[in-house]
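Below you'll find the structure, written out as structure tokens, and then a few comments.
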Amino acid sequence: MSFLSRVIILRTNGHYSLVASRKSGSFVGVGKQKGIEAKKRILVVIGGFCAAYAVIGVRLIQYGAESPLTTSSILTPGFEIASRPDIVDRNGELLATDLNMVSLYAEPRKIVDIDEAVEKLSTVVKGIDWADTYKKLQSKSAFQWLRRRLTPRQQADILALGIPGIGFRPEKQRFYPGGATAAHILGHVNIDNKGLAGMERYIDQQGLADLRAAGLTDDAHLEPVRLSIDLRVQNIVHDVITQAMINYKAEAAGAVVLDDETGEVLAMASVPDYNPNEPSRTLPDGSVDKEYEKGWFNRMSNATYEMGSTFKSFTLAMGLDEGKITLNSVLDASRPIKMARFTIHDDHGQGRALTVPEVFQYSSNIGTAKIAAMVNLNDHQAFLTKLGLLTKMSTELPEVATPSQPRVWKPINQATISFGHGVATTPLQTAVAGAALINGGKLISPTFLPRTRAETDILAQQVVQPKTSADMRYLFHWNGIKGSGRSAQVAGFNVGGKTGTADKVINGRYAAHLNFNAFLAGFPIDKPRYVVLTVIDAPLTGETGGRLAAYTAAPMAKEIISRSAALLGVQPQFGNENDPQLLVNY
């Protein structure tokens with residue numbers, strides 16, 4: 001097209017635009033026309049931005065209304081740093097506390113190179129499971145625990161690796177400075193710091209679990225929990241029973257030291273035991289060590305046994321309290337007692353009539369059974385119930401067993417129960433009942449928390465007469481000097497007590513070659529302040545080779561008293577061995 005033709009076309013288009021503008025009454029120039037078009041474009045852009053922001057706002061509202069993403073591995077807010085109160089003994093010595101730890105987690109969605117991450121972590125976290133860790137990192141979930149409770153050094157080393165998607169959460173780890181020393185009293189916690197056993201579980205049951213759920217368990221709000229136990233005495237008891245189980249080649253052993261005026265447990269231990277810092281162990285093949293976990297079992301409060309001749313203490317106390325006998329009474333123990341197809345005989349028979357102190361001294365089954373027969377059968381059962389020997393014991397410790405007894409008591413049951421066969425009860429409640437016999441006749445429920453005399457007076461129940469209690473102190477003293485309690489005597493501390501040797505029950509039958517031995521002691525017996533009960537299960541030997549309680553359980557009590565009496569504030573007294581109170585005319 002020629003230049004002239006282009007000019008003609010442009011002039012023609014301009015003429016038409018001018019005519020149209022004149023007809024409409026307005027005239028729009030080229031510059032103004034461009035401004036109008038620019039404004040339109042700006043409005044379109046603004047509209048686009050508004051639409052985009054509207055979409056973003058709707059999505060934000062939608063996300064806010066949705067439930068948060070959770071997995072089984074993510075803890076509730078604050079749970080991972082939940083604290084527990086310190087536990088201290090009666091003197092303020094630390095028994096359990098929290099340590100600040102960190103745990104390693106991953107956000108799999110942010111992991112760039114899984115193989116590299118696993119390889120780097122394995123250089124710091126020894127024993128890491130490659131397959132399991134790889135599976136967790138490959139899951140593309142929001143959160144995965146990789147390893148709980150790392151040391152500060154491990155945390156620093158992992159941070160230096162610079163792995164994206166790896167982080168740490170603060171946690172608490174329970175620490176027991178004494179290890180196994182008071183394991184069955186303190187109990188232990190799980191990996192999330194929840195109490196599973198012992199006083200740790202009791203503390204949770206008293207409201208700590210609710211505080212945890214409310215996020216109120218920070219260090220500033222938790223006062224230490226003070227127990228009644230004396231760590232010094234606890235160490236002694238644990239050491240004595242541990243050595244006894246080894247030396248006497250026994251299956252188990254245990255002991256308790258009780259304040260007979262307040263019911264406070266000053267020490268209690270049972271072996272085999274375990275370290276609450278490591279409540280479970282893993283074998284090389286990855287399985288759980290079941291033998292180690294058997295140490296969780298507390299034989300002092302959560303196991304029942306036939307307590308043997310220690311029960312003769314309760315039978316004689318019943319006869320005295322019911323007025324059926326006095327210390328001057330004489331019983332014919334010259335011949336065995338035949339009841340149906342059973343024959344009751346004495347292991348240390350004298351073949352003659354015995355006074356009541358001699359029945360106790362020679363541990364006469366015949367004499368004891370005859371005393372029981374003087375009391376109505378139902379009254380006998382009621383007396384043992386009144387002493388707390390046939391019902392479940394009430395105390396703070398969650399692990400408490402229920403005693404067993406015959407469904408229907410018959411005369412033969414009454415006879416065997418009188419000397420400790422046919423009823424199974426816990427060693428701890430046997431000690432509590434024994435304390436009632438010598439403390440003036442008051443049954444006081446055991447406690448693992450401090451208790452004042454005023455609080456004790458409210459709780460105490462008079463179960464035997466004060467005169468009966470005085471007579472029982474005499475019998476315990478008598479047996480401590482002249483009977484089986486001689487092997488528990490500690491010079492200056494006037495120990496009185498009663499041994500108990502029972503044939504061990506295996507598969508519902510008595511095993512003549514295995515015994516369950518016990519010794520129930522009080523000291524100083526003229527004015528008792530403490531009760532000690534020692535037990536040893538199936539010893540194969542003992543002092544001078546004997547397997548009976550006098551050669552096993554009684555020496556254990558002697559060792560505990562000799563090492564702890566001074567710590568408990570008992571002053572030794574030395575005087576004439578021919579105590580005037582033993583010279584009374586019985």
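The chain is numbered in sequence order, starting from 1.
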Side chains of Y176 and E278, donor plus acceptor under 3.5 Å: no
Just by distance, do the side chain of D289 and the backbone of E291 share a donor-acceptor pair under 3.5 Å? yes
Sidechain N-carboxylate O distance under 4.0 Å for D471, K467: yes
May I have the step-by-step check of salt bridge (charged side-chain N to carboxylate O under 4.0 Å, His left out) for E93 and R226, ending in yes or no? CA-CA 9 Å; E93 295 294 330; R226 188 178 297 271; over 6 Å; no
Checking D346 against S364 for the side chain to side chain donor-acceptor pair (under 3.5 Å) test, could you report, in this order, the C-alpha distance in whole Å, the side-chain angles of both residues, the deciding distance, and whether it holds? CA-CA 6 Å; D346 287 343; S364 172; 2.9 Å; yes
Closer than 3.5 angstrom, by distance alone: can the side chain of Y530 be matched with the main-chain N or O of L568 as a donor-acceptor pair? yes
Check whether NZ of the Lys or CZ of the Arg K498 lies under 6.0 Å from the centre of the six-membered ring of F360 and within 45 degrees of that ring's axis. yes
Can you check whether G422's main-chain N or O pairs, donor with acceptor, with T416's side chain at less than 3.5 Å? no
Take R563 and D239, measure what salt bridge (charged side-chain N to carboxylate O under 4.0 Å, His left out) needs, and give me the verdict at the end. CA-CA 11 Å; R563 293 171 60 180; D239 180 58; 2.9 Å; yes
State which residue, out of N494, V570, I438, fulfils the side chain to side chain contact (heavy atoms under 4.5 Å, CB included) condition with F523. V570
In terms of side-chain geometry, is the basic nitrogen of E200 or R174 positioned less than 4.0 Å from the acidic oxygen of its partner? yes
Verify whether one side chain among S363 and K312 offers a donor that lies under 3.5 Å from an acceptor in the other. yes
Using a distance-only test with no angle check, is there a side-chain donor-acceptor pair under 3.5 angstrom linking S280 and E293? yes
Over all atoms of both residues, closest heavy-atom pair of P555 and Y248: CB-OH, 3.8 Å
Checking side-chain polar atoms at under 3.5 Å, does Q361 have a donor or acceptor matched by the opposite partner on W478? yes
For S228 and V265, indicate whether the former's side chain and the latter's backbone hold a donor-acceptor pair under 3.5 Å. yes
So, for Y274 and H188, is the gap between ring centers shorter than 6.0 Å? yes
Is E264 salt-bridged to R90, going by a charged N under 4.0 Å from an acidic O? yes
For residues 382-391, which side-chain donor-acceptor pairs fall under 3.5 Å, sequence neighbours excluded?
from : atom 1 : to   : atom 2 : distance (Å)
T385 : OG1    : Q381 : O      : 2.8
K386 : NZ     : V463 : O      : 3.1

Only one of L186, V88, T447, L266 passes side chain to side chain contact (heavy atoms under 4.5 Å, CB included) with L227; say which it is. L186
